[in-house]
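To start, the structure under review is shown below, and the notes come after it.
To find a chain, count down the sequence lines: A is the first, B the second, and so on, and within it residues start at 1.
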Amino acid sequence: MAIQVTLKGGVIKEFDAGIRAMDIAKELGMGLYKAACACRIDGALCDLRTPLTQDCALDILTFDDEDGKKAFRHTASHILAQAVKRLYPGVKLAIGPAIDNGFYYDFDLDTPLTPEELQKIEAEMKAIVKEALPLEKHELDAADAIALMQGRGEDYKVELIAEHAGKGEKISFYKQGEFDELCAGPHLPDTGRVKAFALTSCTGAYWRGDASKKMLQRVYGTAFPKKEELESYLAAIEEAKKRDHRRIGKDLELFTFLDEGPGFPFFLPKGMILRNNLLNFWRDLHMQRGYQEIATPIMLNQGLWHTSGHWDHYKDNMYTTLIDEETFCVKPMNCPGGMLLFKSKRRSYRELPLRMGELGLVHRHELSGALHGLMRVRCFTQDDAHIFMTPEQIKDEIKGVVSIIDTIYKQTFGFDYHIELSTQPEDSMGEKETWDLATDALHEAITEMGYSYKLNPGDGAFYGPKLDFHLTDCLGRTWQCGTIQLDFQMPERFELEYIGADDQPHRPIMIHRAVLGSIERFIGILTEHFAGAFPLWLAPEQVRILCIADRHLPAA
RNA sequence: GCUUCCGUGGCUCAGUUGGUAGAGCAGCGCAUUCGUAAUGCGCAGGUCGUCGGUUCGAGUCCGACCGGGAGCUCCA
C-alpha cells in the first residue's frame with residue numbers, strides 16, 4: 001500500500017506504507033540522513049525509526065532544530081548512563097535530560113566520580129558510540145514496567161513510572177544493546193551518531209530537586225554533531241573563564257572579598273571610581289526624567305516588616321538585632337522606607353506621579369553556597385525607585401521606565417535585551433480585576449512601544465504582575481537586571497492616600513522598579529562584558545603615560 | 001544549607017612514599033637609559049587558612065571549624 005507524505009515546504013511524495021522517516025531522509029540525500037535527529041509526524045515528535053502507516057505530514061529535525069538538538073543530547077545522556085552501568089553495575093539510575101548547553105545524568109552511586117573516573121566513563125562512552133547500537137523503542141503496561149524496574153533494583157525509575165501508572169498510559173523504553181532505559185524519547189536512530197562529546201563536571205544534585213531528598217551524583221556533559229562545534233564551545237567556556245569578573249576585579253583592583261565578611265564586597269579606590277561614574281550617570285539621567293532622590297535608613301523596627309509582609313515571607317533571610325528590647329531588621333528591600341516617606345505628609349493628586357528614587361543598600365542573608373562574586377552577594381545597592389500614581393497614569397509611567405531602561409542598556413552600553421511579562425501567581429493577593437487591569441497596562445504599554453515579550457504565566461510577585469528586562473552580553477549570556485513591578489498590595493497594607501480633584505481620599509497605585517538591578521552585579525556584568533576594558537567614561541584608569549627619559553625620573 | 005573539590009609569601013604556582021619551606025611576577029636597593037611581552041645584580045617577604053589529633057617528627061596523614069570553587073536548593 002502506498003501513502004502520501006507531505007514534506008517540509010509542502011512537497012508531497014508517495015512511499016510504501018511502513019517506511020521510516022530515516023529511510024525517507026536517506027532518499028532525500030545522505031546529508032539530511034546523517035544530520036537527522038528526530039522528526040515530527042503530523043506535528044507529533046517521533047523517532048526516525050517510527051514507521052509511517054498512513055498519509056501524513058513529515059518534518060525531519062536536525063541539530064539546528066531545538067527538538068532535534070534535544071533528541072541528540074538526550075541520546076548522549078543515555079550513552080553516559082549505559083557507560084556508567086557497564087563500569088559500575090550496582091549504580092541506580094535517576095534521570096538524565098538534555099539541557100541548554102548539553103546534558104546531564106543523575107546517579108545514585110557510592111563511588112565518588114572523580115575526574116579520573118569521568119575519563120574512564122568517557123572512554124566507555126566512546127566505545128558505545130563506536131558500537132553504533134540502534135535505539136529501539138518498546139512499550140509496556142505500567143505494572144509490567146514497574147515489575148521490570150523493581151527486578152533491576154532501579155528504585156528511582158519505579159517511582160517515576162508509578163506517577164504515570166494511574167493515567168493508564170503505556171510506558172516506553174529505549175533499548176540500545178544490553179542497556180534498556182525508561183524514556184519518552186525521541187532519540188537518534190543509533191549511538192554512532194554522537195560523534196563529538198565531552199563530560200565536563202560532576203557535582204551533587206538532589207533527587208527531584210528536593211533538598212530533603214537524597215543527594216545524587218550528577219555528571220554534566222555536552223555533545224555536538226561535529227568535533228569543531230564541540231571545540232569552539234569548550235573554547236567559549238575558556239573565554240568566559242578569562243573574563244570572570246572575580247579574576248579581573250582582583251587584577252584591576254576594583255573590589256575584593258575578605259574572610260571577615262563572606263558575601264560582603266569591599267570596593268577599592270579604582271572600583272569606586274567606576275562605581276561613582278556609573279552612579280553619577282544614573283543620577284543625571286533620573287533627575288532629567290523627573291525623579292527625586294531619597295535615602296531611607298538601613299535598619300528599621302520589626303513592626304514595619306510585619307506591616308510590609310516581609311517578616312512572614314522572608315524572615316529567614318533577614319539580619320536582625322535586639323536593641324533596647326526591640327527587634328530591628330536590616331532592610332532587605334527599600335520599599336517600606338519609601339512608603340513611610342510617601343505617608344509622611346498629606347499628598348495631593350497634583351503631586352502625582354511622584355517618582356522617588358533611592359540607591360538603597362540592602363542586606364539579605366543568602367545561603368553560603370549561593371554566593372558568587374558580585375553576582376550574588378549578601379549586601380548590595382539597588383537602583384530602586386517607587387512611583388506613586390493614579391490608575392490613569394500607569395501606562396505612561398511604565399513607558400517612561402522602559403525608555404530609561406532602553407537609554408541605559410541599548411543606547412549607553414549597546415546591550416541587546418528582551419522583555420518577559422510575569423502574570424498573577426496562585427497565592428497572590430488582591431482582586432482579579434485589579435490584576436487584569438495591571439497586566440493589561442503592562443502589556444499595552446510595551447506593545448504600544450513596539451516591543452514583544454515572552455509570557456511567564458503565574459510567575460509574578462505576590463503583590464502584582466511584572467516586566468523583567470534581560471540583557472545579552474558579548475558571550476551571548478543573558479542577565480535579568482531591570483524590573484517593573486505594579487504593586488497594589490503595599491499601598492493597601494500601608495494605607496497610602498492622596499486627596500483627589502474630588503476632594504476625596506484615594507489609594508495610589510505604585511510601581512516598584514530598578515534598571516541596573518544591583519549596582520554590584522551590574523558592575524560584575526560590565527566587567528565580564530568588556531573583559532575589563534571599560535568605556536572611557538567609566539574606566540578608573542583612562543590613560544597611562546610612560547616616562548622613559550632621564551628627566552622624567554623622580555629626583556633622587 | 002547539601003554533595004564534592006580546594007586553601008603554601010601581595011599575585012600565580014612548585015613542594016617526591018611525612019623529616020624542620022622554593023620559583024616567577026609584584027615590592028625595596030644599586031646599576032643600566034637600553035625602543036615597544038617584560039635589563040642585570042642584590043634585599044626583604046611565609047608560625048604552609050584556624051584549632052586539635054596521630055607520629056620521635058606533618059605543608060605533606062586524620063578530625064572539626066573558617067574561607068573559596070563547581071553544582072543542587074534558594075533568589076522578595
Side-chain angles (χ1 to χ4, degrees), chain A residues 94-95 99 101-102 104-118 199-221 237 240-241 244 246-253 256-264 268 305 308-318 329 331-336 360 362-373 375-378 380 382 384 422 425 427-429 459-464 466 468 479-481 483 485 487 489-490 512 514 517-518 521 544 546-553 556:
Chain A
I95 53 167
I99 52 174
N101 290 311
Y104 69 78
Y105 209 110
D106 287 347
F107 302 103
D108 184 355
L109 176 67
D110 292 332
T111 316
L113 295 176
T114 58
E116 296 75 52
E117 296 298 315
L118 289 189
L199 298 183
T200 48
S201 65
C202 176
T203 63
Y206 300 110
W207 166 235
R208 316 230 76 179
D210 184 339
S212 69
K213 295 197 167 135
K214 183 162 185 182
M215 177 71 74
L216 308 173
Q217 295 196 67
R218 174 171 297 178
V219 176
Y220 282 92
I237 303 250
K241 271 189 202 161
D244 191 315
R246 292 167 298 185
R247 172 194 293 269
I248 293 176
K250 187 177 257 182
D251 286 350
L252 299 185
E253 297 182 0
T256 189
F257 288 89
L258 301 172
D259 287 357
E260 289 77 358
F264 299 101
L268 300 170
W305 304 102
S308 71
H310 288 101
W311 183 260
D312 290 339
H313 286 265
Y314 310 107
K315 60 172 176 290
D316 291 344
N317 285 27
M318 289 166 71
C329 305
K331 65 177 176 183
M333 295 194 79
N334 301 304
C335 21
V362 298
H363 290 68
R364 300 175 181 183
H365 184 72
E366 304 291 355
L367 291 176
S368 60
L371 302 176
H372 180 88
M375 302 306 191
R376 191 80 182 273
V377 289
R378 284 179 171 155
F380 61 97
Q382 291 182 311
D384 221 336
S422 299
D427 60 341
S428 58
M429 307 173 117
D459 212 25
F462 68 90
Y463 46 74
K466 59 175 184 170
D468 287 328
W479 303 92
Q480 198 240 298
C481 294
T483 185
Q485 304 176 355
D487 184 349
Q489 197 54 37
M490 294 284 166
H512 174 112
S518 149
R521 183 159 172 271
R544 184 183 293 191
L546 303 179
C547 302
I548 56 169
D550 268 340
R551 63 185 183 280
H552 294 130
L553 288 173

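- The CD1-C1' distance, from A:I248 to B:C11, rounds to 16 Å in whole Å.
- Counting to the nearest Å, the C1' atom of B:U4 and the CG atom of A:L118 are 12 Å from each other.
- Inter-residue side-chain proximity for A:H512 and A:M333 is flagged as met; some heavy-atom pair is nearer than 4.5 Å.
- Remark: RNA chain B forms stems of 3 or more consecutive Watson-Crick or G-U wobble pairs, all pair distances under 3.5 Å, at B:1-7 with B:66-72, B:10-13 with B:22-25, B:27-31 with B:39-43, B:49-53 with B:61-65.
- Distance NZ (A:K213) to C1' (B:U3): 17 Å, rounded to an integer number of Å.
- Partners of A:K250 by side chain to side chain contact (heavy atoms under 4.5 Å, CB included), not counting sequence neighbours: none found.
- A:Q489 places its CD atom 17 Å from the P atom of B:A76, with the value rounded to the nearest Å.
- One atom, CE of A:M333, and another, P of B:C75, lie 13 Å apart when rounded to the nearest Å.
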Taking only N/O atoms, report every protein-nucleotides 71-74 of chain B pair under 3.5 Å with atom names and distance.
from  : atom 1 : to     : atom 2 : distance (Å)
B:G71 : O3'    : A:Y220 : OH     : 3.0
B:G71 : O2'    : A:T203 : OG1    : 2.8
B:G71 : O2'    : A:Y220 : OH     : 3.4
B:C72 : O4'    : A:G204 : O      : 3.4
B:C72 : O2'    : A:Y206 : N      : 3.2
B:C72 : N4     : A:G369 : O      : 3.4
B:C74 : O2     : A:R376 : NH2    : 2.7
B:C74 : N3     : A:R376 : NH1    : 3.2

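- Not counting sequence neighbours, the partners of A:K466 by the side-chain hydrogen bond (donor to acceptor under 3.5 Å, both in side chains) test are A:D468.
- Remark: A:D244 pairs with A:R246 by the salt bridge (charged side-chain N to carboxylate O under 4.0 Å, His left out) rule, at least two apart or across chains.
- Rounded to whole Å, the P atom of B:C61 lies 24 Å from the corresponding atom of B:C2.
- Checked against side-chain hydrogen bond (donor to acceptor under 3.5 Å, both in side chains), A:K213 has no partners two or more places apart in sequence or in another chain.
- Remark: C1' of B:U12 and CG of A:D251 are 10 Å apart, rounded to the nearest angstrom.
- Rounded to whole Å, the P atom of B:G46 lies 26 Å from the corresponding atom of B:G40.
- For the ring-ring contact (aromatic ring centres under 6.0 Å, His included) test, no residue two or more places apart in sequence or in another chain qualifies with A:W479.
- Evaluation of the side-chain hydrogen bond (donor to acceptor under 3.5 Å, both in side chains) rule for A:R208 yields A:E163 as partners, not counting sequence neighbours.
- If you check every strand for non-hydrogen atoms under 4.0 Å, A:F257 touches nothing.
- Scored by the ring-ring contact (aromatic ring centres under 6.0 Å, His included) test, A:Y104 finds A:Y220 as partners (sequence neighbours excluded).
- Residue contacts for A:P332: at a heavy-atom cut-off of 4.0 Å it reaches a base atom on one of the strands shown.
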